[in-house]
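Since we're looking at a predicted model, the values are computed, not measured.
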Amino acid sequence: MKRIFSGAQPTGNIHLGNYLGALRNWVTLQHEYESFFCIVNLHAITIPQDPKVLAEKTRELARIYLAVGIDPEISTIFVQSDVPQHAELTWILNCLARMSELERMTQFKDKSRKQSENVSAGLFDYPVLMASDILLYQTELVPVGDDQKQHLEFTRDIATRFNRDFGDTFRVPEPYIPKVGARIMSLSDPTKKMSKSDDDATGCVMLLDDPDAVNRKFKRAVTDSGTEIKFDNSRPAITNLLTIYQLLTGQPIVEIESRFAGRGYAQLKQNLADVTVEFLRPFQDQVKGIGAEHLNRILRQGREKARQIAGTTLANAYAAMGIVGASTTDE
Ligand code: AQP
């Protein structure tokens, strides 16, 4: 069975963008692929985090994975820091990565701009850690949102470079970027992607928002000039709202457009808020119902399976590079 790997950061709160662009597709793909879903807490610390909050968010994100429908009977769910090979392989790949290619990464440019003082070396190195995550599992396909496309290209480049210099060691992965929902935009600024770390929280609908917050955020959502409710790329705000509606209801575009023909923006927003609240209700109940022991069991099981595969890949990479020591040779 072919493999997929993906992850999300336990930073802030998971939002509709993360769900519609990534997690939702994991749920479908897990039936076709051997699946590894990681909570990438080592990526999270590339930006300063409160230790207590980070620990809580790590476990909350594991609950969210389960509640959206990741089935631990068929998929492996684990925490990145539980598998030390991720950090080890990062060091190896750091020695192949070029400063110039990391400097070109738009996520680094955006995030370092927001954080103009004390930008960490870890933030610069984020794509190398991500490449390690993916390559350790000999991953075929990586389901991500559009914002991760450039990091995926880097992963492919570095895997190809390693294989060329040291022999075939890593599978070169393909991205899986959905045709619809790959970039859900902020409700308060449709030129920016919906993002956990956005200073303006009103643009971002969190999966754990209560109905009041959902209603308030959609009510305040900015719209375009004009009155027609149609999918149209020259009207990004309305198209963004319609895309969310389309993905949450599963209705075809023509049906949605005829449903809102002759109606006003306020009605679209209210309808979308209702659909979202209905979608979130059972999901939030599920999150609350996942007990600590059950979660520990799943994460321990995930850790063991992940360590086994990651350990084999890392040992092969070390051997290919001539990195030997007391634990790697019996001479
Ligand atoms: N707005 C988005 N639309 C579609 N997909 C998105 N993703 C993120 N934002 C959108 C996808 O969600 C997955 C998990 O994202 P992440 O936790 O790794 O962090 P990120 O990509 O950096 O997303 P955020 O929300 O903007 O987090 P912060 O603010 O902490 O950096 C990924 O597959 C991502 O593509």
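Checked by atom type and distance alone, the side chain of Gln49 pairs as donor or acceptor with a backbone atom of Ala44 at under 3.5 Å. For the pair Asn215 (side chain) and Pro211 (backbone), a donor-acceptor distance under 3.5 Å is present. Put simply, the side chain of Gln138 gets close to the backbone of Arg171: a donor and an acceptor are under 3.5 Å apart. Under the 3.5 Å distance criterion, the side-chain polar atoms of Ser195 are left unmatched by any main-chain donor or acceptor of Lys193. A donor-acceptor contact shorter than 3.5 Å links the side chain of Thr313 to the backbone of Ile309. Side chain of Asn25 to backbone of Gly21: a donor-acceptor contact under 3.5 angstrom is found. Within the 3.5 Å criterion, the main-chain N or O of Gly167 finds a donor-acceptor partner in the side chain of Thr169. Judged by distance alone, the side chain of Asp209 and the main-chain N or O of Met206 form a donor-acceptor pair under 3.5 Å. Checked by atom type and distance alone, the side chain of Tyr65 pairs as donor or acceptor with a backbone atom of Cys38 at under 3.5 Å. Between the Trp26 side chain and the Phe37 main chain, no donor and acceptor come within less than 3.5 Å of each other.
The environment of CD in Gln308 is sparse: at most 12 heavy-atom neighbours from other residues, nucleotides or ligands sit within 6.0 Å. Crowding of Lys2 atom NZ: a count of heavy atoms from other residues, nucleotides or ligands under 6.0 Å not exceeding 12.
The side-chain hydrogen bond (donor to acceptor under 3.5 Å, both in side chains) pairs that include a residue from residues 218-230 number zero, where partners must be two or more places apart or lie in different chains. The side-chain hydrogen bond (donor to acceptor under 3.5 Å, both in side chains) contacts involving residues 88-102 comprise Glu88-Tyr318, Thr90-Ser132, Asn94-Asp125, Glu101-Arg161, where partners must be two or more places apart or lie in separate chains. Residue pairs meeting the side-chain hydrogen bond (donor to acceptor under 3.5 Å, both in side chains) criterion with at least one partner in residues 68-86, sequence neighbours excluded, are Gln30-Ser75, Asn41-Ser81, His43-Gln80, Gln80-Asp133, His86-Asp133, His86-Tyr137.
Closest of all the heavy-atom pairs between Thr276 and Leu248 is OG1-CD1, 3.5 Å. Residues Gly12 and Lys57 approach most closely at O-CD, 3.2 Å, considering heavy atoms. Nearest heavy atoms, Pro178 versus Val144: CD-O, 3.5 Å. Pairing each heavy atom of Ile14 with each of Ala8, the nearest pair is CD1-CB, 4.1 Å. Annotation for Arg24 and Leu20: closest pair CD-CD2, 3.9 Å, computed over non-hydrogen atoms. Annotation for Gly181 and Thr243: closest pair N-CG2, 4.2 Å, computed over non-hydrogen atoms.
Leu241 places a side-chain heavy atom less than 4.5 Å from the side chain of Leu187. No side-chain heavy atom of Ile256 sits under 4.5 Å from any side-chain heavy atom of Ile229. At a threshold of 4.5 Å between non-hydrogen side-chain atoms, the residues Arg113 and Asp110 count as touching.
Hydrophobic clustering, with ILVMFWY side chains joined whenever heavy atoms are under 4.5 angstrom apart, groups Leu314 together with Val83. By the criterion of side-chain heavy atoms lying less than 4.5 angstrom apart, applied directly or through intervening Ile, Leu, Val, Met, Phe, Trp or Tyr residues, Met194 is not grouped with Met185; the two fall into different hydrophobic clusters. Under the 4.5 Å side-chain heavy-atom criterion for grouping Ile, Leu, Val, Met, Phe, Trp and Tyr, Ile184 is not connected to Val222 through any hydrophobic cluster. One hydrophobic cluster, built from ILVMFWY side chains closer than 4.5 Å, holds both Val128 and Ile47. Residues Met99 and Phe154 are members of one and the same hydrophobic cluster, defined by side-chain heavy-atom contacts under 4.5 angstrom among Ile, Leu, Val, Met, Phe, Trp and Tyr.
Judged as a ring-ring contact (aromatic ring centres under 6.0 Å, His included), and not counting sequence neighbours, Tyr265 has no contacts. Applying the ring-ring contact (aromatic ring centres under 6.0 Å, His included) test to His15 and every residue at least two apart in sequence or in another chain returns nothing. Residues passing the side chain to side chain contact (heavy atoms under 4.5 Å, CB included) test with Val68, sequence neighbours excluded: Tyr19, Leu23, Val27, Ile64, Ile70, Leu207, Phe283. In this structure Asp50 satisfies the side chain to side chain contact (heavy atoms under 4.5 Å, CB included) test together with Lys52, Val53, sequence neighbours excluded. Take Tyr176 and apply the side chain to side chain donor-acceptor pair (under 3.5 Å) test, not counting sequence neighbours, and it matches no residue. Partners of Phe166 under the ring-ring contact (aromatic ring centres under 6.0 Å, His included) rule, at least two apart in sequence or in another chain, are Phe162. For Arg297, the salt bridge (charged side-chain N to carboxylate O under 4.0 Å, His left out) test picks out no residue, with sequence neighbours left out. Residues that satisfy the salt bridge (charged side-chain N to carboxylate O under 4.0 Å, His left out) test with Lys269, not counting sequence neighbours, are absent from this structure. The side chain to side chain contact (heavy atoms under 4.5 Å, CB included) test applied to Ala292 returns Arg59, Arg63, not counting sequence neighbours.
A distance of 10.0 Å separates CD of Gln9 from CG of Leu54, quoted to the nearest 0.5 Å.
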May I have the step-by-step check of side-chain contact (heavy atoms from CB on, under 4.5 Å) for Arg183 and Asp147, ending in yes or no?
CA-CA 7 Å; Arg183 186 174 284 260; Asp147 61 325; 3.9 Å; yes
Take Val180 and Leu247 through the test side-chain contact (heavy atoms from CB on, under 4.5 Å) and record every step on the way to the result.
CA-CA 8 Å; Val180 182; Leu247 290 168; 3.9 Å; yes
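Side chain to side chain, Asp200 and Ser188 meet the donor-acceptor criterion of an N or O pair below 3.5 Å. There is no side-chain donor-acceptor pair under 3.5 Å between Gln267 and Asn271. Between the side chains of Thr11 and Lys196, at least one donor-acceptor pair of N or O atoms lies under 3.5 Å.
Ion pairing between Arg3 and Glu34 holds under the 4.0 Å rule for side-chain N and carboxylate O.
Within the 6.0 Å centre-distance limit, the rings of Phe108 and Phe124 are counted as a close aromatic pair. For Phe260 and Tyr245, the ring centers are positioned less than 6.0 Å apart.
Below 30°, between 30° and 60°, or above 60°: for His151 and Tyr126 the angle between ring planes is between 30° and 60°, a tilted geometry.
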